[in-house]
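See below for the structure under consideration.
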Amino acid sequence: MSRTRRLSRTSLSEKAAQRLTITLLLAPAIVVILLLFMGGLITGFLRSLGYFPLIGLNDFNFAAYTTIFTDNGFIRSFILTFHIAFTSTFIASILAVASAMLLRPAFRGKRFVQFIFSLNLTIPHLVGAVGVLYLFSGSGLVSRLATGAGLIDSPAGFPAMVNDPWAIGIIIQYVWKEIPFIGVIVLAILLSVGEDYESVARSLGANRWQAFRNVTLPLIMPGVVSASVIVFAFTFGAFEIPWLLGSTFPKALPVLAFESYTDVDLAARPQAMAMAMVIAVMSSLMILAYMKVSRRYVRS
């Protein structure tokens with residue numbers, strides 16, 4: 001009995017030492033997160049509540065939130081930003097899953113095709129945005145090719161795909177950029193799982209679509225959801241692509257917040273911070289939704 005107690009105490013002490021080691025190793029990252037991220041978030045939240053002593057604002061209130069939520073321009077910007085994030089994430093996820101399924105089986109030249117597929121992961125978003133600008137603008141390559149092929153009378157007749165109210169150019173850029181990001185994650189899951197489960201389903205009479213829907217999709221869904229949450233949160237809060245390819249009105253929410261923050265009138269800072277808090281809340285809601293979905297798949 002005493003030997004068992006000694007072994008249990010030794011095991012507990014080893015676990016405690018392991019936990020302490022992990023805590024000490026994570027401490028630098030935790031300190032950076034608390035100081036930079038949480039510090040900035042708290043400061044921004046206080047500014048959004050009207051607490052800005054530098055310009056004489058010392059009273060806490062919700063005037064900034066009241067102002068933006070009753071502003072038609074803000075509502076339209078929010079809807080546009082959600083449309084950009086949701087549409088680009090949805091399209092990129094579908095195409096990424098399809099690409100991963102095509103890249104899973106072995107074939108000649110597979111490594112080269114995978115390299116080409118993941119190549120634009122290293123390309124900055126701004127470079128891709130410039131490419132979209134040169135390809136799909138009114139005077140871009142596609143409009144000139146369409147004119148030469150007789151599809152349209154002149155480049156001016158090319159449909160607006162850049163700086164347009166539907167944000168088509170922005171969505172094209174995000175879809176092009178995020179397909180390999182989601183696809184690489186899904187492909188890694190597919191290769192680790194293998195094809196045994198699908199083979200069993202096929203042997204029991206399921207066709208390809210039934211095997212994919214009932215077997216493969218549930219296996220890869222946690223990875224798809226996690227990657228999609230990251231993509232949605234990024235595209236919802238990104239500034240540079242909507243600033244370069246977006247329309248003048250309505251503007252994407254990050255662009256609107258930036259312009260309000262850089263306004264010469266410092267009294268507009270609380271409204272800018274309130275917009276930033278809305279973006280942060282949306283990202284947090286996506287994380288909570290992902291955690292709920294992931295728990296459901298773990299239970300199943």
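Since the structure is predicted, the reported quantities are computational estimates derived from the model, not experimental observations.
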Provide the closest heavy-atom pair for [X] versus [Y] in the form atom of the first, atom of the second, distance.
| X | Y | answer |
| --- | --- | --- |
| I170 | P242 | CD1-CA, 3.6 Å |
| A252 | L80 | N-CD2, 4.0 Å |
| A238 | Y174 | CB-OH, 3.2 Å |
| L244 | A129 | CD2-CB, 3.6 Å |
| L187 | A100 | CD1-O, 3.6 Å |
| G44 | M277 | C-CE, 4.0 Å |

Euclidean distance, [Y] [atom2] relative to [X] [atom1], rounded to 0.5 Å:
| X | Y | atom1 | atom2 | value |
| --- | --- | --- | --- | --- |
| I241 | I172 | CD1 | CD1 | 12.5 Å |
| M275 | S48 | CE | OG | 11.5 Å |
| L288 | S283 | CG | OG | 11.0 Å |
| W166 | H83 | CH2 | NE2 | 6.5 Å |
| M273 | I68 | CE | CD1 | 11.0 Å |
| L245 | L133 | CG | CG | 6.0 Å |

May I ask whether [X] and [Y] are part of the same hydrophobic cluster, defined by side-chain heavy atoms of I, L, V, M, F, W, Y residues being less than 4.5 angstrom apart, directly or through others?
| X | Y | value |
| --- | --- | --- |
| V225 | I94 | no |
| I279 | I42 | yes |
| L217 | W209 | yes |
| F117 | F107 | yes |
| L102 | F115 | no |

Q) Checking side chain to side chain contact (heavy atoms under 4.5 Å, CB included) for the pair F45/Y51: CA distance, chi angles, key distance, verdict? A) CA-CA 9 Å; F45 180 66; Y51 183 74; over 6 Å; no
Can any side-chain N or O of [X] pair as donor or acceptor with the backbone N or O of [Y] at less than 3.5 Å?
| X | Y | result |
| --- | --- | --- |
| S260 | A257 | no |
| Q173 | H125 | yes |
| R104 | L191 | no |
| S192 | I189 | yes |
| R269 | Y261 | yes |
| S88 | A85 | yes |
| T81 | L253 | yes |
| Q210 | N207 | yes |
| K177 | N120 | yes |

Q | Under 4.5 Å side-chain linkage, directly or through intermediates, the cluster mates of V127 | A |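 Listed partners: I123, W176.
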[Y] and [X] aromatic ring geometry - parallel, tilted or perpendicular at 30°/60° bounds:
| X | Y | answer |
| --- | --- | --- |
| F74 | F69 | perpendicular |
| Y65 | F62 | tilted |
| F258 | F239 | tilted |

Q | F249, CZ: over 12 other non-hydrogen atoms inside 6.0 angstrom | A |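 Yes, enclosed.
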Q) Just wondering, are more than 12 heavy atoms of other shown residues or ligands nearer than 6.0 Å to CZ in F86? A)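 For F86, atom CZ is not crowded (no more than 12 foreign heavy atoms under 6.0 Å).
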Q: Determine the sole option in V193, V97, L190 for which the side chain to side chain contact (heavy atoms under 4.5 Å, CB included) test with T216 is passed.
A: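 Testing each of V193, V97, L190 against T216, the sole residue satisfying side chain to side chain contact (heavy atoms under 4.5 Å, CB included) is L190.
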Q.
Looking only at the aromatic ring of each residue, does the gap between the centers of F82 and F232 stay below 6.0 angstrom?
A.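 Close enough - the centres of the two rings lie under 6.0 Å apart.
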Q | Note, R208 side chain near R202 side chain (heavy atom, < 4.5 Å) | A |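 With C-beta onward as the side chain, the pair touches.
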Q) Does a side-chain heavy-atom distance below 4.5 Å link F52 with L46? A)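 In short, these two side chains do not touch, never coming nearer than 4.5 Å.
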Q.
Under the criterion side chain to side chain contact (heavy atoms under 4.5 Å, CB included), I'd like the reasoning laid out for I84 against F236: C-alpha separation, chi angles, the key distance, then a yes or no.
A. CA-CA 7 Å; I84 293 171; F236 192 89; over 6 Å; no
Q: Take D71 and T67 through the test side chain to side chain contact (heavy atoms under 4.5 Å, CB included) and record every step on the way to the result.
A: CA-CA 6 Å; D71 180 27; T67 300; 5.6 Å; no
Q: Using side-chain hydrogen bond (donor to acceptor under 3.5 Å, both in side chains) as the criterion, list what pairs up with S247, not counting sequence neighbours.
A: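 S247 satisfies side-chain hydrogen bond (donor to acceptor under 3.5 Å, both in side chains) with no residue once adjacent residues are dropped.
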